[in-house]
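Below you'll find the structure, written out as structure tokens, and then a few comments.
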2 protein chains.
Amino acid sequence: MLRLSKLSDYGTVIMAHMAREPARSVSAAELADAVGLAPTTVSKVLKLLTRAQLLGSRRGVHGGYALARSPEEISLAQVIAAVEGPIGVTECGAAAGLCAQEAACPSRASWLRVNRVVHEALDGVSLAEFARPAPPPATPVNLAAIHPGGGHTCAP
Amino acid sequence: MLRLSKLSDYGTVIMAHMAREPARSVSAAELADAVGLAPTTVSKVLKLLTRAQLLGSRRGVHGGYALARSPEEISLAQVIAAVEGPIGVTECGAAAGLCAQEAACPSRASWLRVNRVVHEALDGVSLAEFARPAPPPATPVNLAAIHPGGGHTCAP
DNA sequence: GTCATTTGGTACCGATTCAGTCCCGTTTTG
DNA sequence: CAAAACGGGACTGAATCGGTACCAAATGAC
């Protein structure tokens with residue numbers, strides 16, 4: 001199904017939530033409550049997002065997390081990569097040198113193209129857009145024609 | 001990592017191999033030998049591809065598999081969907097309504113857009129192209145129309 | 001200075017999913 | 001009828017994933 005992992009999904013939900021009040025610092029517990037997930041799980045995701053420098057953190061009594069950049073400057077691709085590693089449909093697309101047949105692979109060019117498009121698609125969606133879906137951007141998308149297969153775990 | 005399953009990967013390799021001699025009927029054993037995978041595994045994948053009507057099959061002593069359509073008319077998306085089910089980046093599967101918040105989900109539009117782009121990327125690569133990598137096709141997916149401001153490197 | 005609070009890192013377990021194999025039935029041909 | 005080949009599941013071991021727990025480090029209140 002070429003699906004996102006649950007943790008990545010959580011990551012996007014969490015980041016979307018934070019993007020609605022970009023300046024505010026929030027604790028893991030508060031966030032967990034807001035998105036309706038187990039505090040431990042939220043915490044785990046927050047750690048990953050922080051390590052990837054998408055979030056800044058502060059420890060201590062009034063500690064918490066806050067966006068490291070403005071929501072416009074954070075893309076879905078960055079969030080997903082932070083949680084589940086390099087984005088790539090095939091191994092050869094995620095990092096060079098993983099596939100033994102790399103040099104001789106007749107399909108490599110095709111895969112690289114697919115990988116690039118996928119990455120661009122995810123990189124083209126900013127948190128700002130993701131959190132607060134405005135009327136569909138620049139180019140109107142024909143919703144009726146969209147291939148179904150979607151929805152995600154929309155946390156409250 | 002948003003990665004393809006191994007079985008899907010095998011599927012593409014097998015189909016690519018068949019696309020190089022589109023008219024010929026090949027047995028599972030012969031194919032397994034050609035692509036260097038276990039016969040049982042190849043057989044499993046072939047069954048899936050056949051059930052999805054990408055291949056035609058004949059039983060009996062001179063039986064085997066053959067492409068159901070010309071390589072130009074079979075896309076990567078079709079092969080992948082045949083092996084691992086409907087392509088979709090997010091959960092809540094093919095059936096609508098699995099996600100309670102579906103109607104109110106603020107990110108749904110974004111996800112649908114991503115799904116659509118991914119699907120188009122995979123649908124835009126034909127077996128013919130995939131098996132015998134030619135110079136990039138005449139009409140690549142028009143990313144600019146979907147995400148104005150587009151270009152980006154694929155580097156992880 | 002001490003203590004409650006909150007993040008950081010890691011190790012761990014249970015469950016689910018995946019890859020791979022095997023078995024048996026059906027079809028076709030010689 | 002016998003052999004070759006596909007069709008459809010069932011089964012198993014392994015890998016991955018989701019989730020939890022634990023302890024260390026930092027911070028601020030008192």
Side-chain angles (χ1 to χ4, degrees), chain A residues 1-14 18 24-68 80 82-86 91 94 152-153 155, chain B residues 1-14 18 24-68 80 82-86 90-91 93:
Chain A
M1 299 97 177
L2 209 55
R3 281 221 186 112
L4 224 54
S5 74
K6 277 195 189 182
L7 251 48
S8 294
D9 192 352
Y10 298 162
T12 64
V13 172
I14 289 169
M18 299 192 76
R24 209 155 80 82
S25 175
V26 211
S27 76
E30 183 186 339
L31 254 167
D33 194 53
V35 301
L37 295 169
T40 50
T41 301
V42 170
S43 192
K44 182 180 199 172
V45 175
L46 286 169
K47 287 171 192 172
L48 292 169
L49 292 168
T50 304
R51 204 180 306 182
Q53 300 189 306
L54 299 183
L55 297 177
S57 67
R58 263 194 64 187
R59 304 195 201 181
V61 284
H62 292 121
Y65 296 90
L67 294 185
I80 293 170
V83 178
E84 67 183 57
E91 306 227 331
H152 70 130
T153 58
Chain B
M1 301 92 177
L2 209 57
R3 205 159 284 165
L4 225 53
S5 74
K6 277 195 188 181
L7 250 50
S8 294
D9 193 351
Y10 298 164
T12 64
V13 172
I14 290 169
M18 298 191 76
R24 210 155 79 84
S25 175
V26 211
S27 76
E30 184 185 339
L31 254 168
D33 194 53
V35 300
L37 295 169
T40 50
T41 301
V42 169
S43 192
K44 184 180 198 171
V45 175
L46 286 168
K47 287 171 192 173
L48 291 169
L49 293 167
T50 305
R51 205 181 303 183
Q53 301 190 305
L54 299 183
L55 297 177
S57 67
R58 262 193 65 187
R59 303 196 202 181
V61 286
H62 292 121
Y65 296 90
L67 293 185
I80 293 169
V83 177
E84 67 184 56
T90 50
E91 275 201 15

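Both backbone and side-chain heavy atoms feed into the values below; hydrogens, waters and symmetry mates do not. A note on names: the letters A, B, ... follow the listed sequences, proteins ahead of strands, and every chain is numbered from 1.
- Between A:R58 and the phosphate of C:dT5, there is no side-chain N or O to OP1/OP2 separation shorter than 4.0 Å.
- Counting heavy atoms from C-beta on, the side chains of A:L54 and A:L67 never come closer than 4.5 Å.
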Open item on the list: Please determine whether side chain to side chain contact (heavy atoms under 4.5 Å, CB included) holds for the pair B:Y65 and B:V26, giving the CA-CA distance in whole Å, both sets of side-chain angles, and the decisive distance to 0.1 Å.
Closed with: CA-CA 5 Å; B:Y65 296 90; B:V26 211; 5.8 Å; no
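- As rounded to whole Å, 13 Å separates atom C1' of C:dT7 from atom CG of A:L48.
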B/S/- along nucleotides 19-27 of chain C (protein heavy atoms under 4.0 Å) is SBB---BBB
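- A:L31 pairs in a side-chain contact (heavy atoms from CB on, under 4.5 Å) with only one of the listed residues (A:V42, A:V45, A:V13), which is A:V42.
- Side-chain contact between B:T90 and A:R3 is absent, with no heavy-atom pair separated by less than 4.5 Å.
- Note that the OG1 atom of B:T41 and the NZ atom of B:K6 stand 10.0 Å from one another [nearest 0.5 Å].
- Bracketed by its first and final contacts, the part of DNA chain D lying under 4.0 Å from non-hydrogen atoms of chain B reaches from D:dA3 to D:dG9 in 5' to 3' order.
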Report task. Given side-chain hydrogen bond (donor to acceptor under 3.5 Å, both in side chains), test B:S8 with B:S5 step by step and report yes or no. Result -> CA-CA 5 Å; B:S8 294; B:S5 74; 3.2 Å; yes
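- Heavy atoms of B:T50 sit under 4.0 angstrom from primed sugar atoms or phosphate atoms, though from no base atom.
- To the nearest angstrom, P of C:dG8 lies 9 Å from CG of A:L46.
- Contacts of B:A28 with the nucleic acid, taken as non-hydrogen atoms under 4.0 Å apart, involve only primed sugar atoms and P, OP1 or OP2.
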Fill in: Candidate pair B:R24 and B:E30, rule salt bridge (charged side-chain N to carboxylate O under 4.0 Å, His left out), full reasoning
CA-CA 12 Å; B:R24 210 155 79 84; B:E30 184 185 339; 2.5 Å; yes
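- OP1 or OP2 of C:dG8 sits under 4.0 Å from a side-chain N or O of A:S57.
- At least one donor-acceptor pair under 3.5 Å links the side chain of B:E84 to the backbone N or O of A:L2.
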